[in-house]
Amino acid sequence: MIDSDDEAWMRKAVEVARSKGSDPSTSPLGCVIVRDGKVIAAERNQTHELPDATAHAEMMAIRRACEGIGELELRGATLYSTLQPCGMCTMASIWSKVGRVVYGAGRDDVHPMYFEAKHVDTLSFITDAYRDDIVIEGGCLAEQCATLYYGPDAELPAEEQANL
């Protein structure tokens with residue numbers, strides 16, 4: 001259940017996303033990982049800067065969190081993402097043993113270009129995971145998060161559409 005603490009952490013994730021700018025073409029995603037009431041990582045999407053196709057905000061935050069605590073597992077941590085995680089980031093959450101994933105805007109709130117598959121909903125990855133101790137909750141500050149991205153019906157030139 002999403003509460004006021006979740007909203008406060010999501011505001012931090014939005015702030016991290018906005019550090020990249022406010023142009024939706026730059027994919028300003030933000031991710032914050034919290035454990036025991038403390039931020040252990042806060043990262044934004046860095047795919048173009050590095051260049052690295054795996055440098056999504058969630059992937060970068062998982063890397064930094066694990067490095068920071070010196071552990072492979074993030075049990076007891078909550079990952080906050082401004083956008084519903086893609087398949088890669090969802091699987092990384094499962095493998096790193098994050099206890100909970102909270103996201104803002106969902107796939108229906110933004111343009112389809114932000115997701116890698118038409119018919120595969122990454123939420124089903126969680127349902128089908130071998131773990132039953134991971135929780136995913138969406139819609140935390142969804143409207144505020146959705147303003148970071150192109151809307152569902154935005155008409156964009158093909159060269160601007162990342163996954164289509």
Side-chain angles (χ1 to χ4, degrees), residues 1-50 52 54-69 71 73-94 96-116 121-123 125-126 133-154 162-163:
M1 186 165 74
I2 294 172
D3 62 22
S4 59
D5 286 341
D6 293 325
E7 290 178 356
W9 294 122
M10 187 61 72
R11 280 188 202 82
K12 175 70 175 166
V14 169
E15 180 183 313
V16 170
R18 287 199 172 124
S19 73
K20 188 168 183 175
S22 59
D23 185 343
S25 70
T26 64
S27 297
L29 280 82
C31 180
V32 174
I33 300 179
V34 176
R35 189 161 81 173
D36 299 326
K38 296 178 185 165
V39 173
I40 59 173
E43 294 286 339
R44 59 182 176 76
N45 200 32
Q46 298 171 50
T47 53
H48 292 289
E49 296 90 334
L50 289 181
D52 178 352
T54 69
H56 291 194
E58 300 93 336
M59 298 293 288
M60 298 301 292
I62 289 169
R63 289 175 188 146
R64 297 300 168 257
C66 290
E67 289 169 0
I69 64 171
E71 296 177 25
E73 296 183 356
L74 298 172
R75 290 188 190 274
T78 299
L79 181 150
Y80 294 90
S81 179
T82 55
L83 184 62
Q84 180 179 335
C86 72
M88 175 181 65
C89 296
T90 300
M91 290 306 296
S93 297
I94 292 169
S96 65
K97 309 281 191 291
V98 167
R100 186 166 169 249
V101 174
V102 177
Y103 67 86
R107 66 185 302 136
D108 294 333
D109 300 321
V110 299
H111 195 275
M113 71 177 253
Y114 297 106
F115 294 92
E116 74 286 347
D121 189 340
T122 57
L123 301 181
F125 290 172
I126 297 294
D133 62 340
I134 186 170
V135 174
I136 190 162
E137 298 181 89
C140 182
L141 302 181
E143 288 181 31
Q144 184 178 353
C145 290
T147 64
L148 295 166
Y149 313 105
Y150 289 118
D153 300 321
N163 291 319

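The model shown is predicted, which means the values in this text are computed figures rather than measured ones.
- Residues Gly104 and Ala142 share a closest heavy-atom pair of O-CB, 3.6 Å.
- When side chains are defined from C-beta on, Asp133 counts as touching Arg75, because their heavy atoms get closer than 4.5 Å.
- Looking at Tyr80 and Arg100, their side chains come closer than 4.5 Å, going by heavy atoms from C-beta outward.
- Contact of the Asp52 side chain with the Gln46 side chain is not registered, since no non-hydrogen atoms from C-beta on lie closer than 4.5 Å.
- Taking CZ of Arg35 as the start and CD of Glu71 as the end, the distance is 5.5 Å to the nearest 0.5 Å.
- The two residues Lys20 and Asn45 make their nearest non-hydrogen contact at NZ-O, 3.0 Å.
- Here the CD1 atom belonging to Ile69 is positioned 9.5 Å from the CG atom belonging to Asp36, to the nearest 0.5 angstrom.
- Heavy atoms only, all atoms of each residue included: Pro152 and Asp108 are closest at CG-O, 3.5 Å.
- Among residue pairs with one or both ends in residues 142-152, those qualifying as side chain to side chain donor-acceptor pair (under 3.5 Å) are Thr82-Tyr149, Tyr150-Glu160; sequence neighbours excluded.
- Here CD of Gln84 is found 6.5 Å from CD1 of Ile136. Values are rounded to the nearest 0.5 Å.
- How far CD1 of Ile62 is from CD1 of Ile40: 10.0 Å, rounded to the nearest 0.5 Å.
- Residues Asp5 and Val34 have side chains not in contact (no heavy-atom distance under 4.5 Å, counting atoms from C-beta outward).
- Salt bridge Lys12/Glu15: present, at least one basic N to carboxylate O contact under 4.0 Å.
- Enclosure of atom CG in Asp3 by more than 12 non-hydrogen atoms of other residues, nucleotides or ligands within 6.0 angstrom is indicated.
- The minimum heavy-atom distance linking Cys145 with Ala105 is given by the pair CB-N, 3.6 Å.
- Atom CG of residue Asp6 and atom OH of residue Tyr103 lie 13.5 Å apart, to the nearest 0.5 angstrom.
- Annotation for Met10 and Val102: closest pair CE-O, 3.6 Å, computed over non-hydrogen atoms.
- Of the possible donor and acceptor atoms, none in the side chain of Arg18 sits under 3.5 Å from a partner among the backbone N and O of Val14.
- Remark: Cys140 SG to Arg11 CZ distance equals 8.0 Å, nearest 0.5 Å.
- Two residues are said to be in side-chain contact when any heavy atoms from C-beta on lie closer than 4.5 Å; Leu74 and Lys97 fail this criterion.
- Across all their heavy atoms, Glu58 and Leu79 have their closest contact at CG-CD2, 4.0 Å.
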**Request:** Please test Glu43 against Arg63 for salt bridge (charged side-chain N to carboxylate O under 4.0 Å, His left out), starting from the C-alpha separation and ending with a verdict.
**Result:** CA-CA 10 Å; Glu43 294 286 339; Arg63 289 175 188 146; over 6 Å; no
